[in-house]
Chemist: 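Attaching a single structure in structure tokens format; questions to follow.
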Amino acid sequence: MNAEPERKFGVVVVGVGRAGSVRMRDLRNPHPSSAFLNLIGFVSRRELGSIDGVQQISLEDALSSQEVEVAYICSESSSHEDYIRQFLNAGKHVLVEYPMTLSLAAAQELWELAEQKGKVLHEEHVELLMEEFAFLKKEVVGKDLLKGSLLFTAGPLEEERFGFPAFSGISRLTWLVSLFGELSLVSATLEERKEDQYMKMTVCLETEKKSPLSWIEEKGPGLKRNRYLSFHFKSGSLENVPNVGVNKNIFLKDQNIFVQKLLGQFSEKELAAEKKRILHCLGLAEEIQKYCCSRK
């Protein structure tokens with residue numbers, strides 16, 4: 001990236017929860033990628049007026065403004081598809097937090113729309129920018145997997161807002177696909193006790209070489225946010241990830257990638273590989289949802 005950009009892209013942030021607040025902070029701080037971006041305002045369903053001097057604007061104004069060229073979609077997952085479609089149709093580039101949509105067909109349709117409009121559609125995957133993932137990637141490269149498991153625990157999450165557990169937990173699925181290649185679904189079960197706000201999804205997957213991988217999402221009151229993994233290779237085992245340091249500026253690293261895309265600095269091959277991985281994960285999440293729902 002050049003130190004002095006020839007132009008700045010006007011940005012609006014849609015949704016100012018945790019991710020949206022971090023995005024606004026990064027946009028206002030002096031970073032190389034932020035130099036290419038100009039935060040114009042934010043959109044929220046709540047009446048907030050302004051946040052730290054940044055003005056709230058209406059969705060209609062954000063869509064119609066010539067100044068706004070980029071939308072950061074940081075709202076709950078159930079609203080992503082509608083926002084992406086509106087901003088692409090208005091001729092804006094879009095960065096969206098994962099999951100892009102809650103169905104494979106919708107994601108394919110939106111990507112086609114982005115291509116028709118000649119706009120960048122970027123789905124954030126900060127989990128791939130974590131120190132833990134970098135450690136794992138180095139550890140598994142060139143090794144033959146015999147079997148593996150990944151368990152994620154956390155507090156309750158509203159399915160109406162964040163989608164079926166296979167979608168709200170798609171970052172774990174993305175880890176597995178990024179580490180071991182495309183996966184196929186063997187079986188899936190969902191145990192739910194809605195009165196206790198408890199759910200446990202157990203998914204059995206396999207690699208292209210038929211090695212079994214299990215993925216479990218368990219959520220309920222009192223469950224701490226934790227990730228437990230166990231990978232067994234012909235050459236040894238990996239049980240959990242050591243403390244490999246703090247995940248610094250992962251949203252900013254994602255913004256750097258987005259700006260590189262805006263500037264045309266990603267090759268067609270890189271973009272195609274990323275799109276293939278994202279659609280594969282969304283397709284698997286949908287398959288898991290259908291499998292679980294068919295057995296209710």
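Reckoned from all heavy atoms, side chains included, excluding hydrogens, waters and symmetry mates. If you read the sequence from its start, that first residue is 1, and numbering goes on from there.
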Chemist: Go through the steps to decide whether D144 and S235 satisfy the test side chain to side chain contact (heavy atoms under 4.5 Å, CB included), and finish with yes or no.
Modeler: CA-CA 8 Å; D144 286 322; S235 57; over 6 Å; no

Chemist: Write down the atom of L213, the atom of S149, and the distance for their closest heavy-atom approach.
Modeler: CD2-N, 4.4 Å

Chemist: Please say yes or no: joined through hydrophobic side-chain contacts below 4.5 Å, possibly via intermediate residues, are F162 and M201 part of one cluster?
Modeler: no

Chemist: Evaluate R172 against E127 for salt bridge (Lys or Arg N to Asp or Glu O under 4.0 Å), listing each step before the verdict.
Modeler: CA-CA 8 Å; R172 266 74 69 191; E127 76 280 12; over 6 Å; no

Chemist: Using only heavy-atom distances, determine whether the side chains of S178 and T174 contain a donor-acceptor pair under 3.5 Å.
Modeler: no

Chemist: Between S58 and V43, which heavy-atom pair has the shortest distance, and what is it?
Modeler: O-CG2, 4.1 Å

Chemist: Does one side chain, of S50 or Q56, offer a donor that lies under 3.5 Å from an acceptor on the other?
Modeler: no

Chemist: Can you tell me if CD on E67 sees more than 12 non-hydrogen neighbours from other groups inside 6.0 Å?
Modeler: no

Chemist: Does S77 reach the main-chain N or O of P99 with its side chain, forming a donor-acceptor pair under 3.5 Å?
Modeler: no

Chemist: Parallel under 30°, tilted from 30 to 60°, perpendicular over 60°: which one fits the rings of F180 and F231?
Modeler: perpendicular

Chemist: Once you round to the nearest 0.5 Å, how far does CE of M100 lie from CD1 of I84?
Modeler: 6.0 Å

Chemist: I'd like to know if E182 and R277 make a salt bridge, using a cut-off of under 4.0 Å between side-chain N and carboxylate O.
Modeler: no

Chemist: Atom CD of residue position Q66 - does it have more than 12 heavy atoms of other residues, nucleotides or ligands inside 6.0 Å?
Modeler: no

Chemist: Assess whether a salt bridge exists between D52 and R25, defined as any Lys/Arg side-chain N lying under 4.0 Å from an Asp/Glu carboxylate O.
Modeler: no

Chemist: For the residue pair Q255 and S33, confirm or rule out a side-chain donor-acceptor distance under 3.5 Å.
Modeler: yes

Chemist: How many angstroms lie between atom NZ of K269 and atom CG of L271, to the nearest 0.5 angstrom?
Modeler: 12.5 Å

Chemist: Between the side chains of R193 and E195, is the shortest nitrogen-to-carboxylate-oxygen separation below 4.0 Å, so that they form an ion pair?
Modeler: no

Chemist: To the nearest 0.5 angstrom, please state how far the CZ atom of F87 sits from the CG atom of D82.
Modeler: 10.0 Å

Chemist: Using a strict 4.0 Å threshold on nitrogen-to-oxygen distance, state whether K200 and E217 make a salt bridge.
Modeler: no

Chemist: Report, as yes or no, whether the 6.0 Å neighbourhood of atom CZ on R18 holds more than 12 heavy atoms from other residues, nucleotides or ligands.
Modeler: no

Chemist: Show the numbers, then the answer: is there a side chain to side chain contact (heavy atoms under 4.5 Å, CB included) between Y72 and M24?
Modeler: CA-CA 10 Å; Y72 281 14; M24 284 173 61; over 6 Å; no

Chemist: Working note: I73 + S75, criterion side chain to side chain contact (heavy atoms under 4.5 Å, CB included); need CA distance, chi angles, decisive distance, verdict.
Modeler: CA-CA 6 Å; I73 311 296; S75 54; 3.7 Å; yes

Chemist: Any donor-acceptor pair under 3.5 Å linking the side-chain atoms of K261 with those of H122?
Modeler: yes

Chemist: Walk me through it: do L110 and E81 pass the test side chain to side chain contact (heavy atoms under 4.5 Å, CB included)?
Modeler: CA-CA 8 Å; L110 291 173; E81 180 187 339; 4.0 Å; yes

Chemist: State, to 0.1 Å, how close I40 and G10 come at their nearest heavy-atom pair, and which atoms those are.
Modeler: CD1-CA, 3.5 Å

Chemist: Does the pair E115/K275 count as a salt bridge with the N-to-O cut at 4.0 Å?
Modeler: yes

Chemist: Go through R45 and E76 one step at a time and tell me if the salt bridge (Lys or Arg N to Asp or Glu O under 4.0 Å) criterion holds.
Modeler: CA-CA 12 Å; R45 284 197 297 263; E76 66 268 20; 2.7 Å; yes

Chemist: How many angstroms lie between atom CH2 of W111 and atom CD1 of I278, to the nearest 0.5 angstrom?
Modeler: 4.0 Å

Chemist: Hey, could you give me the OG/OH distance between S78 and Y83, rounded to the nearest 0.5 Å?
Modeler: 9.5 Å

Chemist: Charged N to carboxylate O under 4.0 angstrom, E97 versus R23?
Modeler: yes

Chemist: Does K137 have more than 12 heavy atoms from other residues, nucleotides or ligands lying within 6.0 Å of its NZ?
Modeler: yes

Chemist: In Å and rounded to the nearest 0.5 Å, what is the CZ to CH2 distance from F133 to W175?
Modeler: 8.0 Å

Chemist: Looking at K210 and E208, does any basic side-chain N land under 4.0 Å from a carboxylate oxygen?
Modeler: no

Chemist: Do you know the tightest heavy-atom contact between W215 and G169?
Modeler: CZ2-O, 3.2 Å

Chemist: Determine the minimum heavy-atom distance between D254 and L129, stating which atoms define it.
Modeler: N-CD1, 3.5 Å

Chemist: Between Y198 and E191, do the side chains contain a donor N or O and an acceptor N or O under 3.5 Å apart?
Modeler: no

Chemist: Decide whether S230 and H232 meet the rule of one side-chain donor and one side-chain acceptor closer than 3.5 Å.
Modeler: yes

Chemist: Search all heavy atoms of G49 against all heavy atoms of Q55 and return the closest pair with its distance.
Modeler: O-OE1, 3.6 Å

Chemist: For the residue pair Y98 and H125, does the interplanar ring angle fall in the parallel (under 30°), tilted (30 to 60°) or perpendicular (over 60°) class?
Modeler: parallel

